[in-house]
Amino acid sequence: MWTPDPTFMQAAIEEALKGAGRTHPNPSVGAAVVSGGRIVGLGFHEGPGHPHAEVAALRQAGERSRGADLYVTLEPCCTTGRTGPCTAAVIAAGVARVAAATLDPNPNVDGAGVRELQAAGIPVAVGCLAKEGIGVDPAYHTFYRKGRPHVHLKWAQTLDGRVVLPGGGYITGPEARLKVHMERYLADAILVSGTTVAADDPRLTVRLPGVSKALTRVVLDNRGLLTGREGLFATAPEHGPVWVFRPPGSPTDGLGSRPEVSVIEMPLDSDGRLPLAEVLHALHERGIMGVYAEAVGRLASAFLREGLVDRVSVYLAPLLAGTTPGPAALEGHVRPGGGARVLGQPRWERAGADWVVAADLEDSCSPD
Ligand code: AOF
Ligand code: ZN
């Protein structure tokens, strides 16, 4: 074991973030090659089929890789997928030592990459800025470590906790809405309730200047309300598929005739709700790693109560709504036996006139 310098791992983390949101199903990874106390190569993974971060950084460093330290946000892979194993590239480049922020939770790697490097006589330190390393791509880690997708629960509310304005319309301003689109971009799927689709008719697309991304749109249609004529269906397939979860024998049909629309039938639980753990299991099986759940009321509370939320972002607008027709931000217990939930280490951030409070919940993926 050797003691890596967190400054260089931080540089690798910043490099990794350049690929965030576009590497699925691969992780976002960054690497820095350090020689003589300074960075001589940087690289990040741009997505499936592109070189891995280590290979990109070693290429940039060239001959200076020999005898250098390699900092990487994820354990180097030892497998051949769309590209060759990084371990072989690291050994061939003559790297002296390797620092990885975390192990690669992919069961094909998960420590085997470290062992391979060690067997070649390269000291490997794992755990430098581990929490931050996981934070580069929390969805990837949650997907493998918890066997379900990472769930980022988001809602926007007035200062009096209302999520619908008396006259309708957006609660937050344009800066906050831009941030929501950036958060959608980082996910693989957006999840909403059928009630939200019926009430707001949202498109659930990523709308960022110069950027497009097809996301899976997941609708939990407990009551079988959707008809297929909602705006959401008109945007498919360019904006991604639509997956509708609903109980068997729903009152409306006609959703299943288009290739981009899938209906996943699931019996309701004893409370008349779609079982969320099973929904997430179905998403996991279909390869969804990160879910952006735009939910309020009973659905948002149920996600919290069942311990299925990894990150929560509350968008807080300086408005007072008074009596409104919609639900409160949360309805129902947020812990199994009732009681409040404390959001540890909340991050408060301004977005125009609004505030965004974000926190990672304590039952989310812990460092290796
Ligand atoms: C790394 N560095 O930058 C990435 C890694 O199909 P491939 O060849 O791209 O391999 C994909 C797997 O490689 C992926 O499932 C994960 O285990 C690892 N990703 N590993 O050393 C990288 N992106
Ligand atoms: Zn690799």
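The basis for the numbers below is simple: all heavy atoms, side chains too, and nothing from hydrogens, waters or symmetry mates. Counting convention: from 1, in listed order, for ligands and their atoms alike. Position 1 is the first residue of the sequence, and the numbers go up from there.
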Distance from [atom] to nearest protein heavy atom, with residue and atom:
atom	value
atom 15 (O) of ligand 1	Asn106 ND2, 2.9 Å
atom 6 (O) of ligand 1	Arg82 N, 2.7 Å
atom 11 (C) of ligand 1	Asn26 OD1, 3.3 Å
atom 8 (O) of ligand 1	Thr83 N, 2.7 Å

_Test your reading of the model: is there a side-chain donor-acceptor pair from Arg311 to the backbone of Val151, 3.5 Å cut-off?_
no

*Indicate yes or no for a side-chain donor-acceptor contact from Ser65 to the backbone of Ala61 under 3.5 Å, with no hydrogens or angles considered.*
no

*So is Val29 polar-close to ligand 1, meaning N/O to N/O under 3.5 Å?*
no

_Verdict with supporting geometry, Phe143 and His284, ring pair (Phe, Tyr, Trp, His ring centres under 6.0 Å)_ = CA-CA 7 Å; Phe143 181 83; His284 182 267; 4.1 Å; yes

Among side-chain atoms of [X] and [Y], is any donor-acceptor pair under 3.5 angstrom?
X	Y	answer
Asp5	Tyr71	no
Ser28	His45	no
Arg177	Thr172	no
His24	Asp188	yes
Thr205	Arg203	no

*If we only count heavy atoms from C-beta on, is the Glu183 to Ser313 side-chain gap below 4.5 Å?*
yes

*asked:* Testing the basics here: between Met182 and Leu208, what is the closest heavy-atom pair and its distance to 0.1 Å?
replied: CG-CD2, 3.6 Å

*Cation-pi check, Arg350 onto Trp355 ring (under 6.0 Å, within 45° of axis)*: yes

Give the atom numbers and elements of ligand 1 that come within less than 4.0 Å of a heavy atom of [X].
X	answer
Ala53	3 (O), 22 (C)
Pro76	21 (O)
Glu54	1 (C), 2 (N), 3 (O), 21 (O), 22 (C)
Tyr140	14 (C), 15 (O), 16 (C), 17 (O)
Gly81	6 (O), 8 (O)
Asp104	16 (C), 17 (O), 18 (C)

*Assess Pro27 for proximity to ligand 1: is some non-hydrogen atom of it under 4.0 Å away?*
yes

_For Glu75, state whether at least one heavy atom is located under 4.0 Å from any atom of ligand 1._
yes

*Does the distance from a Lys or Arg side-chain N to an Asp or Glu carboxylate O, for Glu331 and Arg298, drop under 4.0 Å?*
no

*Can a salt bridge be assigned to the pair Lys131 and Asp360 using a cut-off of 4.0 Å between side-chain N and carboxylate O?*
no

*Under 2.8 Å from the Zn ion (ligand 2), which protein N/O/S atoms are there?*
His52 ND1, Cys77 SG, Cys86 SG

_Per atom 9 (O) of ligand 1, closest listed option by heavy atom (Glu46, His45, His52)_ = His52

